[in-house]
Amino acid sequence: MKKVVVFSQIDEEILSRLQQDYHVVVLNPKLGDINEQIRKEVVDADGMIGAGRLLNESNLAPAQKLKIISSVTVGYDNYDVAYLNQKKIWLSNTPHVLTETTADLAFTLLLSAARKVPFLDHWTKQGEWKRTVGPQQFGLDVFGKTLGIIGLGNIGAAIARRGFYGFNMNIVYHNRREKPELAEPLNAQYLSLDELLQQSDFVVTAVDLNTESKALMGKAQFELMQKHAIFINIARGSVVDEQALIEALQNEVIFASGLDVYEKEPLQDSALFKLPNVVTLPHVGSATAETRKKMANLAYKNLVEALEDKTPRYLVNPNFE
């Protein structure tokens with residue numbers, strides 16, 4: 001019987017299905033160092049499934065016949081793809097199924113930051129609403145404004161559609177290359193990054209994390225933005241110089257920010273928590289029951305196809321290049 005290592009919490013139904021057909025080992029942080037458990041269990045493992053763990057040479061070196069790591073995510077920056085290629089281990093992910101719900105979350109952050117929703121919710125519950133609201137409680141309009149998307153992939157385009165069709169927004173975007181097939185239906189204009197930052201009322205980052213995008217947004221970039229602008233990040237925390245963002249918010253270089261991702265997660269004891277002009281969410285871009293079920297099912301399918309000597313559809317490294 002082939003062996004599968006489950007390296008994070010996964011959907012109970014999927015776990016049950018795996019246990020019917022494979023020898024399944026579920027790692028448990030309560031049983032000791034998780035990396036030690038990985039090193040022990042991958043020796044004779046055929047497949048792995050999960051999310052949220054750093055997997056690289058330090059914990060995968062003992063693997064002797066590992067064929068696939070099925071990640072229940074779209075992003076794969078937690079995995080050393082070059083090392084997996086070297087070991088001839090497939091890495092699969094779960095694209096597309098979380099596009100729309102992540103775009104919903106991005107727009108939730110945008111609207112919440114623009115209209116000061118968390119601040120006003122707390123203000124109201126604290127009994128501060130004693131008279132008609134004034135300028136301190138005023139937010140910003142969204143309808144008809146300019147929305148700048150950094151990274152016009154599937155998620156970026158879904159965010160842009162919400163702005164264009166729902167809020168009559170002018171769409172501009174920056175990408176490594178122009179995307180006419182996504183941009184033309186939205187009348188979206190391609191701009192350099194600097195031009196986008198200077199012209200946008202709202203800036204949303206939706207890029208993959210790579211060497212080009214790491215710390216893409218720093219002090220210089222925030223200073224290019226308009227004073228009333230709002231910055232939203234639903235990509236990866238390392239796309240942003242977090243300290244530079246904190247200073248931009250503290251010094252009112254920009255109006256507000258909405259964040260779902262951070263340089264270090266889980267986020268603890270951060271200066272961001274003390275700022276009234278930032279919305280902080282705990283990396284919940286795809287966190288709906290329906291979407292997580294779809295992701296789990298797709299990850300299961302990727303894993304089983306590989307274990308049955310078929311080629312999964314959604315491979316990060318199909319040719320070990």
Taking only residues two or more places apart in sequence or in another chain, which ones pass side-chain hydrogen bond (donor to acceptor under 3.5 Å, both in side chains) with K67?
-> D309
Report the residues that fulfil side chain to side chain contact (heavy atoms under 4.5 Å, CB included) with E265, sequence neighbours left out, ordered by chain and then residue number.
-> V261, Y262, H283
Which donor-acceptor pairs under 3.5 Å do side chains of residues 179-191 form with protein atoms, sequence neighbours excluded?
{"from": "K179", "atom 1": "NZ", "to": "L152", "atom 2": "O", "distance (Å)": "3.1"}
{"from": "Y190", "atom 1": "OH", "to": "N175", "atom 2": "O", "distance (Å)": "2.9"}

Mind checking what makes ring-ring contact (aromatic ring centres under 6.0 Å, His included) contact with F164, not counting sequence neighbours?
-> none
Only pairs under 3.5 Å count here: list side-chain donor-acceptor contacts from residues 274-282, not counting sequence neighbours, and write none if there are none.
{"from": "N277", "atom 1": "ND2", "to": "L249", "atom 2": "O", "distance (Å)": "3.2"}
{"from": "N277", "atom 1": "ND2", "to": "F255", "atom 2": "O", "distance (Å)": "3.3"}

Would you be so kind as to tabulate the donor-acceptor pairs closer than 3.5 Å made by side chains of residues 210-218, with sequence neighbours excluded?
{"from": "N210", "atom 1": "OD1", "to": "E212", "atom 2": "N", "distance (Å)": "2.9"}
{"from": "N210", "atom 1": "OD1", "to": "S213", "atom 2": "N", "distance (Å)": "2.9"}
{"from": "N210", "atom 1": "OD1", "to": "S213", "atom 2": "OG", "distance (Å)": "3.3"}
{"from": "S213", "atom 1": "OG", "to": "D208", "atom 2": "O", "distance (Å)": "2.6"}
{"from": "S213", "atom 1": "OG", "to": "N210", "atom 2": "N", "distance (Å)": "2.9"}
{"from": "S213", "atom 1": "OG", "to": "N210", "atom 2": "O", "distance (Å)": "3.4"}

Could you name each residue pair satisfying salt bridge (Lys or Arg N to Asp or Glu O under 4.0 Å) that touches residues 188-201, not counting sequence neighbours?
-> none
Does V133 sit in a hydrophobic cluster with other residues, and if so which ones, taking ILVMFWY side chains as linked at heavy-atom separations under 4.5 Å, directly or through other members?
-> F119, L120, W123, W129, F138
Indicate every side-chain donor-acceptor pair of residues 92-99 with a distance under 3.5 Å to a residue at least two apart or in another chain.
{"from": "S92", "atom 1": "OG", "to": "S70", "atom 2": "OG", "distance (Å)": "3.4"}
{"from": "N93", "atom 1": "ND2", "to": "V74", "atom 2": "O", "distance (Å)": "2.9"}
{"from": "T94", "atom 1": "OG1", "to": "T73", "atom 2": "N", "distance (Å)": "3.4"}
{"from": "T94", "atom 1": "OG1", "to": "T73", "atom 2": "O", "distance (Å)": "3.0"}
{"from": "H96", "atom 1": "ND1", "to": "N154", "atom 2": "ND2", "distance (Å)": "3.2"}
{"from": "T99", "atom 1": "OG1", "to": "H96", "atom 2": "O", "distance (Å)": "3.2"}

Side chains of S8 and R53: do they bring a donor and an acceptor to under 3.5 Å?
-> no
Do M295 and S286 have side chains that get closer than 4.5 Å, going by heavy atoms?
-> yes
Charged N to carboxylate O below 4.0 Å: is that the case for R162 and E100?
-> yes
How would you list, by chain and number, every residue that makes a ring-ring contact (aromatic ring centres under 6.0 Å, His included) with F222, sequence neighbours excluded?
-> F231
Residue from E41, E36, Q37 passing side chain to side chain donor-acceptor pair (under 3.5 Å) with R39 = E36
Side-chain ion pair, K65 and D46, N-O less than 4.0 Å | yes
Can you give the donor-acceptor pairs under 3.5 Å from side chains of residues 13-25 to other protein atoms, not counting sequence neighbours?
{"from": "E13", "atom 1": "OE1", "to": "K293", "atom 2": "NZ", "distance (Å)": "3.2"}
{"from": "R17", "atom 1": "NH1", "to": "N297", "atom 2": "OD1", "distance (Å)": "3.1"}

Atom pairs and distances, side-chain donor-acceptor, residues 105-113, under 3.5 Å, sequence neighbours left out:
{"from": "T108", "atom 1": "OG1", "to": "D104", "atom 2": "O", "distance (Å)": "2.8"}
{"from": "S112", "atom 1": "OG", "to": "T108", "atom 2": "O", "distance (Å)": "2.7"}

Under a 4.0 Å N-O cut-off, is there an ion pair linking K219 with D241?
-> no
